[in-house]
2 protein chains.
Amino acid sequence: MGVRKEKAAGTEAALKDAARQLFVERGYLNTKITDITRAAGRSTGSFYEHFPSKEALLDALMNDLRDQASQELRGQSHPAHPADHDLADREQLRAHLAAAWRTMRDNLPVVLATHEATVAAGPASGQAWQELATGTEMLRDHLEQAHRRGQPLPGDPELVAAAMGAMLSSLAYALLPAGAGGGPARWSDDQILDTVTSLLLTGLRG
Amino acid sequence: MGVRKEKAAGTEAALKDAARQLFVERGYLNTKITDITRAAGRSTGSFYEHFPSKEALLDALMNDLRDQASQELRGQSHPAHPADHDLADREQLRAHLAAAWRTMRDNLPVVLATHEATVAAGPASGQAWQELATGTEMLRDHLEQAHRRGQPLPGDPELVAAAMGAMLSSLAYALLPAGAGGGPARWSDDQILDTVTSLLLTGLRG
DNA sequence: GTCTATACGCGGATAGAC
DNA sequence: GTCTATCCGCGTATAGAC
């Protein structure tokens with residue numbers, strides 16, 4: 001890997017890379033197929049040899065993300081992610097939120113693009129709720145287990161999980177992109193995570 | 001007002017009404033200008049006599065909303081909204097959240113459309129943060145005042161306010177639209193508000 | 001002010017040579 | 001597999017009669 005990836009990578013990979021970059025810069029909806037091919041140094045027609053549409057490309061990017069994630073999990077100390085986490089413990093809650101935050105930051109292009117696609121699907125599609133629900137499955141599991149252990153919860157575990165996820169992902173969308181948040185980052189990741197952790201753990205009464 | 005509004009209202013109003021309806025049903029981005037004129041029973045060309053573009057129409061709808069809101073405030077017992085609210089008090093916090101929730105529900109078309117427009121503007125525009133910040137100004141004021149009173153907060157008031165607003169508005173976008181949330185409403189407004197209030201007030205530890 | 005008809009451009013998608 | 005050239009549909013916007 002001497003001179004970047006260059007043409008070393010295949011066209012498909014080049015298109016993916018270009019797409020990722022453009023998705024963060026201009027957004028998914030504003031990025032046209034021709035923008036992607038041009039940025040990748042390929043011709044328009046070449047695109048369709050690899051993807052039938054822009055949506056298909058995004059699907060592929062999401063699959064890449066999933067594959068990578070499950071691979072990392074397999075090769076690590078997490079056999080299946082210990083389900084006996086106690087989210088009422090500050091360290092564990094923060095670790096959880098930090099992991100989610102990091103994942104979003106590391107995969108910002110795909111995360112942003114997916115969100116844009118969801119919104120573009122329209123309110124009646126129900127995709128917004130679905131995105132929220134599937135993105136907080138783990139959280140919900142932990143909360144349900146805690147609930148079974150007798151710990152009091154602010155409400156239905158699924159709803160609580162969704163609320164927590166809503167806060168985090170919405171903040172991510174507003175603050176993570178470069179140039180967002182009103183210029184140079186106002187808050188560090190640590191500050192944000194500390195604040196959210198405290199707020200979710202003990203609320204305004206602290 | 002015997003047979004609905006009918007043609008009694010001017011064309012401009014008819015276009016606005018049609019737009020509002022379509023924005024909730026199909027979404028702002030998916031709604032074409034021709035869809036609006038057709039739903040309003042007018043011709044395509046007539047649209048441009050009243051609005052130069054779809055964005056301008058949305059602006060007009062937002063202004064209508066603002067005018068109405070400030071009018072209601074003037075005619076009521078709120079001279080300027082008592083700034084000495086204590087959000088650490090359960091009743092007051094809930095009332096606040098309920099008011100916000102109700103406003104979003106009552107003006108769902110405009111709220112949804114604005115959000116779609118914000119997302120469509122792309123991540124680098126910073127509009128997402130701006131929307132969040134301006135939508136939580138009151139909240140921030142209250143928190144800053146509480147902070148000045150010596151009450152401990154989970155973090156920077158502006159960030160805390162944004163986090164709270166993020167949770168609420170994101171839940172609204174996922175749950176308020178008809179057909180969202182997986183069919184018939186899983187949770188009542190009261191359940192949702194109770195849950196969010198508790199979560200924000202005392203956190204997971206309850 | 002409202003209509004019908006139409007022009008225009010953008011972007012998605014394909015044809016066919018190399 | 002990649003290219004160039006081109007087609008086509010959709011949606012915006014305008015022209016001009018009524």
Side-chain angles (χ1 to χ4, degrees), chain A residues 5-61 64 109 112-114 116-117 119-125, chain B residues 4-61 109 112-113 116-117 119-122 124-125:
Chain A
K5 53 246 167 191
E6 290 300 324
K7 296 293 182 79
T11 296
E12 184 170 322
L15 289 173
K16 283 179 178 175
D17 284 346
R20 270 186 278 256
Q21 187 179 347
L22 290 172
F23 288 172
V24 260
E25 289 176 359
R26 316 182 187 179
Y28 170 74
L29 297 173
N30 289 328
T31 299
K32 308 306 167 193
I33 290 179
T34 53
D35 296 330
I36 298 173
T37 53
R38 183 159 16 88
R42 313 299 159 117
S43 71
T44 307
S46 193
F47 179 91
Y48 296 92
E49 194 66 31
H50 301 273
F51 309 100
S53 66
K54 198 173 68 170
E55 295 75 45
L57 193 167
L58 180 55
D59 280 351
L61 291 181
D64 288 356
L112 294 177
T114 304
E116 284 188 46
V119 169
S125 72
Chain B
R4 307 278 177 178
K5 52 245 168 189
E6 291 300 325
K7 297 293 183 80
T11 296
E12 184 170 320
L15 289 172
K16 283 179 179 175
D17 284 346
R20 271 186 277 256
Q21 187 178 348
L22 289 172
F23 288 172
V24 259
E25 289 175 357
R26 315 182 188 180
Y28 170 75
L29 296 173
N30 289 328
T31 299
K32 308 306 168 193
I33 290 179
T34 53
D35 296 331
I36 298 173
T37 53
R38 182 158 17 89
R42 314 299 159 116
S43 72
T44 307
S46 192
F47 180 91
Y48 296 92
E49 195 67 29
H50 301 273
F51 309 100
S53 66
K54 198 173 67 170
E55 295 75 47
L57 194 166
L58 180 53
D59 280 351
L61 291 180
L112 293 177
E116 285 187 47
V119 169
S125 71

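Just so it is clear, the values below take in all heavy atoms, side chains as well, and ignore hydrogens, waters and symmetry mates. Chain letters run A, B, ... following the sequence lines, proteins first and then strands; every chain starts at 1.
A salt bridge between A:D35 and A:K32 is absent, with no side-chain N of the basic residue lying under 4.0 Å from a carboxylate O of the acidic one.
Atom CZ of A:R26 and atom P of C:dG11 are 11 Å apart (whole Å). C:dG9 atom C1' lies 13 Å from atom NZ of A:K32, rounded to whole Å. Here the C1' atom of nucleotide C:dG11 and the CD1 atom of A:I36 are 12 Å apart, to the nearest Å. Rounded to an integer number of Å, the gap from B:H50 NE2 to D:dA13 P is 16 Å. When the C1' atom of D:dA13 is taken as reference, atom CD of B:E55 falls 13 Å away, rounded to whole Å. Taking atom CD on B:E49 and atom P on C:dG1, their separation rounds to 6 Å, with Å as the unit. C:dA5 atom P lies 18 Å from atom OH of B:Y48, rounded to whole Å. Atoms CZ (A:F47) and C1' (C:dA15) sit 19 Å apart, rounded to a whole Å.
The phosphate of C:dC3 has OP1 or OP2 within less than 4.0 Å of a side-chain N or O from B:S46. In this structure, B:T11 reaches the C:dT2 phosphate: one of its side-chain N or O atoms is under 4.0 Å from OP1 or OP2.
Candidate nucleotides C:dA13, D:dT2, D:dA13 were compared by shortest atom distance to the side chain of B:I33, and D:dA13 ranks first.
Figure legend: cation-pi geometry between A:K54 and A:Y28, with NZ or CZ positioned under 6.0 Å from the six-membered ring centre and within 45° of its axis.
Between the side chains of B:R42 and B:T11, a donor-acceptor pair is found at a separation under 3.5 Å.
A:R38 contributes no side-chain N or O that, together with a main-chain N or O of A:I36, makes up a donor-acceptor pair within less than 3.5 Å.
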